[in-house]
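Just so you know, ligand 1 is whichever comes first in the structure, and atom 1 is the first atom listed for that ligand.
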Amino acid sequence: MSGPRPVVLSGPSGAGKSTLLRRLMKEYEGVFGFSVSHTSRNPRPGEENGKDYHFVTREKMQEGIDKGEFIENAEFSGNMYGTSKSSIEDVQAQNLICILDVDIQGMKNIKKTDLNPIYISIQPPSMEILEKRLRDRQTETEDSLQKRLEAARIDMELSKEPGVFDMVIINDDLEEAYAKLKSVLIEEIEKVQDAKK
Ligand SMILES: Nc1nc2c(ncn2[C@@H]2O[C@H](COP(=O)(O)OP(=O)(O)O)[C@@H](O)[C@H]2O)c(=O)[nH]1
Ligand SMILES: Nc1ncnc2c1ncn2[C@@H]1O[C@H](COP(=O)(O)OP(=O)(O)O)[C@@H](O)[C@H]1O
């Protein structure tokens with residue numbers, strides 16, 4: 001297989017994946033490419049179609065799944081999410097490190113493929129802090145918040161099992177978490193940078 005190894009970022013909703021990702025992609029412009037997932041959930045204020053997600057109807061997404069266009073898909077908090085083959089291919093065609101932000105089900109299904117990514121779990125310091133961050137983010141209804149917390153409990157347990165992830169990062173202090181994330185990825189980052197010279 002050619003090109004840099006992809007990276008799978010997983011962890012509870014609200015753990016800080018998007019925050020860390022945004023920072024990484026800004027600091028290393030031209031090194032990473034985000035695999036833009038499809039979802040049936042509604043866009044949040046500020047989210048762009050085609051950049052944060054491909055926002056689609058359930059019907060449209062099911063059509064794509066039936067046609068075999070997805071490498072994985074899952075139901076999360078009452079909505080469909082999935083990674084299309086082309087979302088990964090688009091990034092890999094540019095020789096960039098492909099970053100996937102997926103839930104546990106996605107992570108497990110990707111393990112069955114030949115993608116061979118680096119698996120990183122971003123975890124909150126505690127359930128209490130996670131709940132506070134999710135509430136402060138003001139993106140969820142009470143119902144979707146509760147569903148996310150329920151999924152988070154399962155996610156937090158799984159992340160403790162040895163061998164599931166290459167690295168588990170506790171996102172307590174943002175600077176420290178970001179430094180750890182960079183340290184796991186620096187080898188791949190340098191490979192991409194060297195290839196450009
Ligand atoms: N399996 C799978 N999960 C995804 C995909 N895209 C996003 N997710 C996960 O879906 C969950 C909810 O994402 P989102 O609605 O954006 O909420 P947020 O993570 O709280 O910002 C998160 O755990 C994401 O990692 C995907 O393509 N496949
Ligand atoms: N280390 C941190 N300390 C305090 N707040 C944080 C930290 N990391 C992220 N946040 C905040 O927590 C919320 C959830 O983070 P976000 O990146 O949206 O999580 P995810 O993408 O995993 O759902 C956001 O409002 C974000 O600004």
With distance as the sole criterion, is a donor-acceptor pair present between the side chains of Gln105 and Asn109 under 3.5 Å?
-> no

What pair of heavy atoms forms the shortest contact from Lys182 to Tyr28, and how long is it?
-> CD-OH, 3.4 Å

closest protein heavy atom to atom 28 (N) of ligand 1 is Glu72 OE2, 2.6 Å

With Thr83 as partner, the option from Asp101, Ile71, Leu115 fulfilling side-chain contact (heavy atoms from CB on, under 4.5 Å) is Ile71

Does Ile169 share a hydrophobic cluster with Tyr178, counting links as ILVMFWY side-chain heavy atoms below 4.5 Å and allowing steps through other members?
-> yes

Does ligand 1 have any atom that is closer than 4.0 Å to a heavy atom of Glu140?
-> no

Is there a nitrogen or oxygen of Arg44 sitting under 3.5 Å from a nitrogen or oxygen of ligand 1?
-> yes

closest protein heavy atom to atom 4 (C) of ligand 2 is Arg133 NE, 3.5 Å

May I ask you to check whether Arg137 and Thr139 show a side-chain donor-acceptor distance below 3.5 Å?
-> yes

Heavy-atom gap Leu134 to ligand 2 smaller than 4.0 Å = no

Proximity of Leu20 to ligand 2 by residue part, where a heavy atom lies under 4.0 Å = neither

Could an N or O of ligand 1 be found under 3.5 Å from any N or O of Phe76, whether backbone or side chain?
-> no

Are Phe76 and Leu158 connected in a single hydrophobic cluster, I mean Ile/Leu/Val/Met/Phe/Trp/Tyr linked by side-chain heavy atoms less than 4.5 Å apart?
-> no

Taking distance alone, with no angle check, do Asn73 and ligand 1 share an N/O pair under 3.5 Å?
-> no

Under 4.0 angstrom from ligand 2, any heavy atom of Gly14?
-> yes

Could you tell me which atoms of ligand 1, counted from 1 in the order shown, lie closer than 4.0 angstrom to a heavy atom of Lys17?
-> 25 (O)

Glu29, CD atom: more than 12 neighbouring heavy atoms under 6.0 Å | no

Closest to atom 21 (O) of ligand 2 among protein heavy atoms sits Ser18 OG, 2.5 Å

Say whether Asp101, considering both its backbone and side-chain N or O atoms, lies within less than 3.5 Å of an N or O atom on ligand 1.
-> yes

Going by the atom numbers of ligand 2, which of them fall below 4.0 Å from some non-hydrogen atom of Ser13?
-> 23 (O)

Report the nearest protein non-hydrogen atom to atom 13 (O) of ligand 1: residue, atom name, distance rounded to 0.1 Å.
-> Tyr53 OH, 3.3 Å

Starting from atom 8 (N) of ligand 2, find the nearest protein heavy-atom neighbour and note its residue, name and distance.
-> Asn171 ND2, 3.0 Å

Under 4.0 Å between a Lys/Arg side-chain N and an Asp/Glu carboxylate O for Arg135 and Glu131?
-> yes

Gln105 to ligand 1, any heavy atom closer than 4.0 Å = no

Do the side chains of Ile99 and Leu96 join up, straight or via other hydrophobic residues, at under 4.5 Å, putting them in one cluster?
-> no

Is a salt bridge present between Glu150 and Arg153, judged by a nitrogen-to-oxygen distance below 4.0 Å?
-> no

What is the minimum heavy-atom distance between Lys111 and Val164, and which atoms define it?
-> NZ-O, 2.5 Å

Could you tell me the residue and atom name of the protein heavy atom closest to atom 18 (O) of ligand 2, and the distance to it rounded to 0.1 Å?
-> Arg137 NH1, 2.8 Å

For ligand 1, which atoms, with element, lie under 4.0 Å from some heavy atom of Gly106?
-> 1 (N)

Numbering as shown, the atoms of ligand 1 that approach Ala74 to under 4.0 Å (heavy-atom distance) = 1 (N)

Which residue owns the protein heavy atom closest to atom 17 (O) of ligand 2, what's the atom, and how far is it?
-> Thr19 OG1, 2.5 Å

Does a donor on one side chain sit under 3.5 Å from an acceptor on the other, for Ser144 and Ser77?
-> no

Proximity to ligand 2 by part of Pro12, non-hydrogen separation under 4.0 Å = backbone

For ligand 1, is there an atom lying under 4.0 Å from some heavy atom of Met107?
-> no

Mark up the atoms of ligand 1 that fall under 4.0 Å of a heavy atom belonging to Gly82, in ascending order.
-> 26 (C), 27 (O), 28 (N)

Around atom CD of Glu187, are there more than 12 heavy atoms of other residues, nucleotides or ligands at under 6.0 Å?
-> no

Atom 3 (N) of ligand 1 has as its nearest protein heavy atom Asp103 N, 3.1 Å

Between Asp194 and Lys197, is the closest basic N to carboxylate O distance under 4.0 Å?
-> yes

Rounded to the nearest 0.5 Å, what separation is found between the CD atom of Glu72 and the CE atom of Met107?
-> 11.0 Å

Whether His38 lies under 4.0 Å from ligand 1, heavy atom | no

When the ring planes of Tyr119 and Phe165 are compared, do they come out parallel, tilted or perpendicular, using 30° and 60° as the limits?
-> perpendicular

Report the nearest protein non-hydrogen atom to atom 19 (O) of ligand 2: residue, atom name, distance rounded to 0.1 Å.
-> Gly16 N, 3.0 Å

Under 4.0 Å to a heavy atom of Asp172 - the qualifying atoms of ligand 2, by number | 1 (N), 2 (C), 3 (N)

Among protein heavy atoms, which lies nearest atom 20 (O) of ligand 1, and at what distance?
-> Ser13 OG, 2.5 Å

Taking both backbone and side-chain atoms of Ser18, is any N or O found less than 3.5 Å from an N or O belonging to ligand 1?
-> no

Hey, is Arg137 touching ligand 1 through its side chain, its backbone, both or neither, going by heavy atoms under 4.0 Å?
-> side chain

